[in-house]
Amino acid sequence: MKKNIEMIKWKLCEGYFSIIGTNLKDEITFDELIFVSKVSGKDAEKIISKNSKDYNFIFLRILISKLDTQTLNEFKIDINEDTVSNTYEKILEGLTLRFESFLPYRQSFKILSQRSNVKAQNFLRLLEKNCSFVSNLLDIVEGRQNQTRKALKSIALNIVFLKAVNIFLTEKGNSLDSTIRFLDKDLRDFEDLGQMLGIIKN
């Protein structure tokens with residue numbers, strides 16, 4: 001039953017972002033959503049209200065949760081036997097993979113953030129997913145560590161990532177060049193400060 005509910009959630013989520021990306025609008029009716037998603041109205045009502053047109057919060061949580069799980073699994077595989085890269089390089093790779101997973105949905109993210117008049121960094125913070133992703137990323141990169149150091153690194157990495165979201169939303173097409181350059185610079189600055197304070201070690 002739970003597996004079936006998760007499948008319905010994902011089909012509705014895919015349908016929702018398909019409509020936004022194709023029609024460049026963020027107000028979507030229930031009937032429109034179930035038609036595109038190929039989900040019955042009865043099944044859809046287990047997940048969402050039939051009378052609502054504002055589904056963005058629900059489906060953003062579903063989308064980012066799924067993308068983050070996939071990204072972290074891919075990241076684990078990528079660095080499993082990596083004995084060469086330092087902490088900075090691994091973190092940059094993890095954040096880059098995350099932006100790559102967001103890329104197919106960039107146009108939709110732009111539309112949703114414009115409508116709600118929410119700055120990009122707050123847009124993802126509302127989903128309470130960024131802190132979780134960064135914490136899991138640090139666990140993969142560094143394993144068990146001092147919780148105070150981890151908390152400080154998490155705060156700094158959250159700031160870096162959320163600032164990079166602004167760049168991500170301004171880039172055109174399938175390019176991530178400016179976003180990655182910004183990440184690289186800010187992470188370098190963070191790494192230098194972290195090493196000076198003894199928070200980061202190569």
Mind checking what makes side chain to side chain contact (heavy atoms under 4.5 Å, CB included) contact with Ser37, not counting sequence neighbours?
Leu12, Leu33, Val39
Parallel under 30°, tilted from 30 to 60°, perpendicular over 60°: which one fits the rings of Phe161 and Phe99?
parallel
Is it true that the side chains of Arg98 and Ser101 contain a donor and an acceptor less than 3.5 Å apart?
no
Using the salt bridge (Lys or Arg N to Asp or Glu O under 4.0 Å) criterion, which residues pair with Asp139? Sequence neighbours excluded.
Lys150
Can you name the side chain to side chain donor-acceptor pair (under 3.5 Å) partners of Ser40, sequence neighbours left out?
Asp43
If the condition is side chain to side chain contact (heavy atoms under 4.5 Å, CB included), which residues does Ile140 pass it with, not counting sequence neighbours?
Leu72, Phe75, Lys76, Ile79
Mind checking what makes side chain to side chain donor-acceptor pair (under 3.5 Å) contact with Lys66, not counting sequence neighbours?
none
Could you pull out all residues at least two apart from Phe182 that satisfy side chain to side chain contact (heavy atoms under 4.5 Å, CB included)?
Lys163, Ala164, Ile167, Asp186
Residues in ring-ring contact (aromatic ring centres under 6.0 Å, His included) contact with Phe133, at least two apart in sequence or another chain
none
What pairs with Asn136 under side chain to side chain donor-acceptor pair (under 3.5 Å), at least two apart in sequence or on another chain?
none
List in chain and number order the residues that pass salt bridge (Lys or Arg N to Asp or Glu O under 4.0 Å) with Glu45, two or more places apart in sequence or in another chain; answer none if no residue qualifies.
none
For Ser85, check side chain to side chain donor-acceptor pair (under 3.5 Å) against everything at least two apart and list the hits.
Asp82
If we ignore hydrogens and angles and just use 3.5 Å, is the side chain of Thr96 paired with the main-chain N or O of Leu92 as donor and acceptor?
yes
Residues that Lys11 engages under salt bridge (Lys or Arg N to Asp or Glu O under 4.0 Å), provided they are two or more places apart:
none
Can you tell me if Trp10 and Glu14 form a side-chain donor-acceptor pair at under 3.5 Å?
yes
Under the rule for side chain to side chain contact (heavy atoms under 4.5 Å, CB included), what residues qualify as partners of Ser65, not counting sequence neighbours?
Lys129
